[in-house]
Structures are given as structure tokens and as C-alpha cells.
Number of protein chains: 2
Amino acid sequence: MTRLSSEERRAALVRAAVRVIARSGLASATTRAIVAEARMPLASFHYAFRSRDEMIRELVAFVVGGEQFAILASLRPGVDIRSAIRAGVQAYFDLVASEPGREQAMFELLHYALRTPELADLPPFQYGSYRRVVVEALLAGAAHGGVEWSIPVDDLARLAVALTDGLTLGWLADRDDAAADRLMDSMADALAAFARPSTETAPSASTAARLEEHRS
Amino acid sequence: MTRLSSEERRAALVRAAVRVIARSGLASATTRAIVAEARMPLASFHYAFRSRDEMIRELVAFVVGGEQFAILASLRPGVDIRSAIRAGVQAYFDLVASEPGREQAMFELLHYALRTPELADLPPFQYGSYRRVVVEALLAGAAHGGVEWSIPVDDLARLAVALTDGLTLGWLADRDDAAADRLMDSMADALAAFARPSTETAPSASTAARLEEHRS
DNA sequence: GTCTATAAAGTGATAGAC
DNA sequence: GTCTATCACTTTATAGAC
């Protein structure tokens, strides 16, 4: 093994931890369970990480960064904004339904971080990251649909994230697929109600302006 | 002490556990921490409860039952439905903001129950209970405001619960009061959009009919 | 450098003295 | 009935053999 294995070991432990947490919950993700999943001896854990919390910090950054392509990948140009939103929400929900443990893990990590002072910076990072993805999707959707948003896109993103969180929690609680389907219809209606026909002749210029505004 | 103290002890331990969980999280709510909070010897815990999970089961029923008066108490007859919704959401949020640990505790209990097969019936009970309260509030609000809902009230309640869950999680993550305020405006707009002028001449009759329908 | 073996501090649950 | 004392086990983290 080369010296590079130190960095690789950290990554392997993080990936193993993600699997353990998704399968059995954060409380079951002991250092023993993680090294067993990664097929390593116990001491390797503290060889790679100073503490369990240090690994969790790296794990959150890893998972939050990776989770966000599904929605963006579901964007389809040329459809009306209500359909685009409905499809995007469906894509997110399909991801949740196909791997519920993964989404449960994200919530468990949030609540653990909220209770751990050393990890206090993770929740704002996690939700800031969610909103940034949704802002991009909303701007792209508006541009494709020839509409503009009647409230600041940051505020609309907050609403959309709140809705998806609520959708997820409600479905995790009772696993009612039909109810989730109806809820997604309502979500699409509610969000699309904030769209109005674009006043700009060049939609892309409007989009660029909002992007600039968002960067401030 | 009379024989009644057995029942009282259970209640005292549950109340102590609620305080410990709200203050320090579910993971810190060990049997030792709970009996210390209740000023009891350790053995009293297993004298009152067969196991820690048995107490958590009783705790969830206790807290879910008690949490629900704030929204209903905020109902004000005679105002338009959008204002009524906005005020109800604000009342809920004020409760969350005044005691964030309590709401965090509800989420932690949900996720713990989702990971504990013996407690699998608690999440549906918890969210069913939330929705039942919101259904009542929505029906009362519609009756007072002279409107009716354009989608089944059960579905609208699901949307409302999703929104409040998302509002709570987002605020817990970054504690942005101003953003929460704007989000509550959007929530009220979104929910009020599902109201339309009542077609019935007697709103109370319509309300009674829907209540009957809901009981089926 | 790597890992076995162990330390030190918790945990839920009980046996047995009062 | 009540509670002290303790069991059996698990946890994170590390010392020290290889």
C-alpha cells in the first residue's frame, strides 16, 4: 500500500459509514460497525480520523455534495412551468422512495449536528446547499418556461425546500404513496402559482439579472 | 405513599424525560439522566416501566396529545381566510421559537421510532394526529371565512403539515427569523389559494357535512 | 505503519438487602 | 415496596506488540 491510502482510507470509511447509517441509523453507526462495513481493523478508524465527530463532519460534506444532481438532471426544457415543477418533485421523491434510509440519514445527521456544538456550522451549510440547488432549478425552469417569479427566488427556494422536507417526513411516517402523489400535485400547483408571464423580451437576460442579484 | 404513586411515577418520569430530551436531545436521555431529572433512584425507572422503549411509547402519546392546542387556540372568527392562516402559522412558529428543543425532540422521537421496529406504529399515529388537528382548524377557518376548499381537506391538511414541518426544519437549521417570516407569508398565500367562495347558503351545514365525511 | 489487546467510561437492566 | 449495589455489555479511544 502506498502513502496515498491514508486519504483513500478516510474516503472508504466515509462511504462505509453512509451505508451503515442508511441501513441501520446514525445511532447504530458506531466506530465498530463502520470499520466492519469497510473491512478494516478497529484501530484504523482513529488512524484516519481524530474522532467520530470529525468523520461525521466530512461525511455530511460528502453526502450533501452528492445528493443534488437528481433534481437538476430531471430538468426538461420547453414544458410549462407547472409540469416542470411536478416532474422535478417526482424525481426527488423517486430518489427518496428508492432509498428511504438515505434520506432518513440526512435528517438524523441534521438533528445530531443541531445537538452537537462542534458541528453547529453543518446545518446552515446543509440547508444553504439545498436551497442553492433549488434556486438554480427554479431559475432554469423559469427561463425554459418563459415565466418569471413573483417573489424573490431565494424565498421561493425556501418554500420549495420546506415542501420537499415535509413531503419526505410525511411519507416516511406513513408510507402512503397515493397521498404523496396527491401532495406532489398540490405542491406543484402552489409553487407554479408564484410564476407569471415574463415581462422581459429576452428571458435569458432576466435570468442573468436574477443570478447576479443572488450572488450579492 | 399510596398505591396510586405507581401511575404518578410513570407520569413524573415521562415529564422528566420530556425536559431532558428537549434540553439535551434523545441520545442524552438515558435512564440515569431521566431519573436524576425526576429526583428518583435508578431502580424506580424499571419499577415503573418494563424498558426504555416502553416509556418512549408513552411519552410520544403524551406529547403529541398536548402539543395541539396552540393552533386551535389561535383561531379568530370573522377574519379573511388568508389572515387566519397566517395567524395560525405564526402561533405555531412562536411556539417553536420559544421552545426549539421541544420541537427538535418531536423530530428526534420520530426518527428513533422509524428505526425501532417495536415503535413502528408511532410515526403514523404522530402524523395522523397532526393532520387531524389541522383538518379541524381548516374546517373551522373555512366556516368562519365563508369559503370552501377546492381540494379534499385531508389533502390540504397534508400540505399544511408538510409546510409547517419544512418551516420548522429550515428555521432550526439556520435560525433566520426574517426568512421564516417571509416563508410564513408564502405559506399563507399558497394555502389560501386553495380557498374559493362558498357555494352553500348555510356555511355551517356545509361544515357539518364535511365533518361527517371525514369521520368515515 | 499496522493491528491486537485493553483501558476507561458509559449503558440498560436486576438481584438482593432493607 | 423501595433502593443500593452490581451485572453484563457496549461505547470511543489508545497503548504497545509486531
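In this text, all values refer to a predicted model and were calculated from it rather than measured experimentally. Here is the naming used below: chain letters follow the sequence lines, and residue numbers restart at 1 for every chain.
Using a 4.0 Å cutoff on non-hydrogen atoms, the parts of residues 41-53 of chain A near DNA chain C are P41(A), A43(A), S44(A), Y47(A), ordered by number. Heavy-atom distances under 4.0 Å link DNA chain D to R32(B) of residues 20-40 of chain B, given in residue order.
A donor-acceptor contact closer than 3.5 angstrom is absent between the side chains of E108(A) and Y112(A). Looking at D165(B) and Y127(B), their side chains do bring a donor and an acceptor atom within 3.5 Å of each other.
Atom CD in E54(B) sits about 13 Å away from atom C1' in dA13(C), given to the nearest Å.
Residues P100(B) and R175(B) come closest through the heavy atom pair CB-NH2, 3.8 Å. Residues P123(A) and L110(A) come closest through the heavy atom pair CB-CD1, 3.7 Å.
Taking the six-membered ring for Trp and thresholds of 30 and 60 degrees, W171(A) and F93(A) have ring planes more than 60 degrees apart, a perpendicular arrangement.
Applying the ring pair (Phe, Tyr, Trp, His ring centres under 6.0 Å) test to pairs two or more places apart or on separate chains, those with a residue in residues 16-48 of chain B are F45(B)-F49(B).
For the atom pair CD1 (I81(B)) and CG (L138(B)), the distance works out to 7.5 Å, reported to the nearest 0.5 Å.
The pair D155(B)-R131(B) fails the salt-bridge criterion, with no side-chain N (NZ, NE, NH1 or NH2) lying under 4.0 Å from an Asp/Glu carboxylate O.
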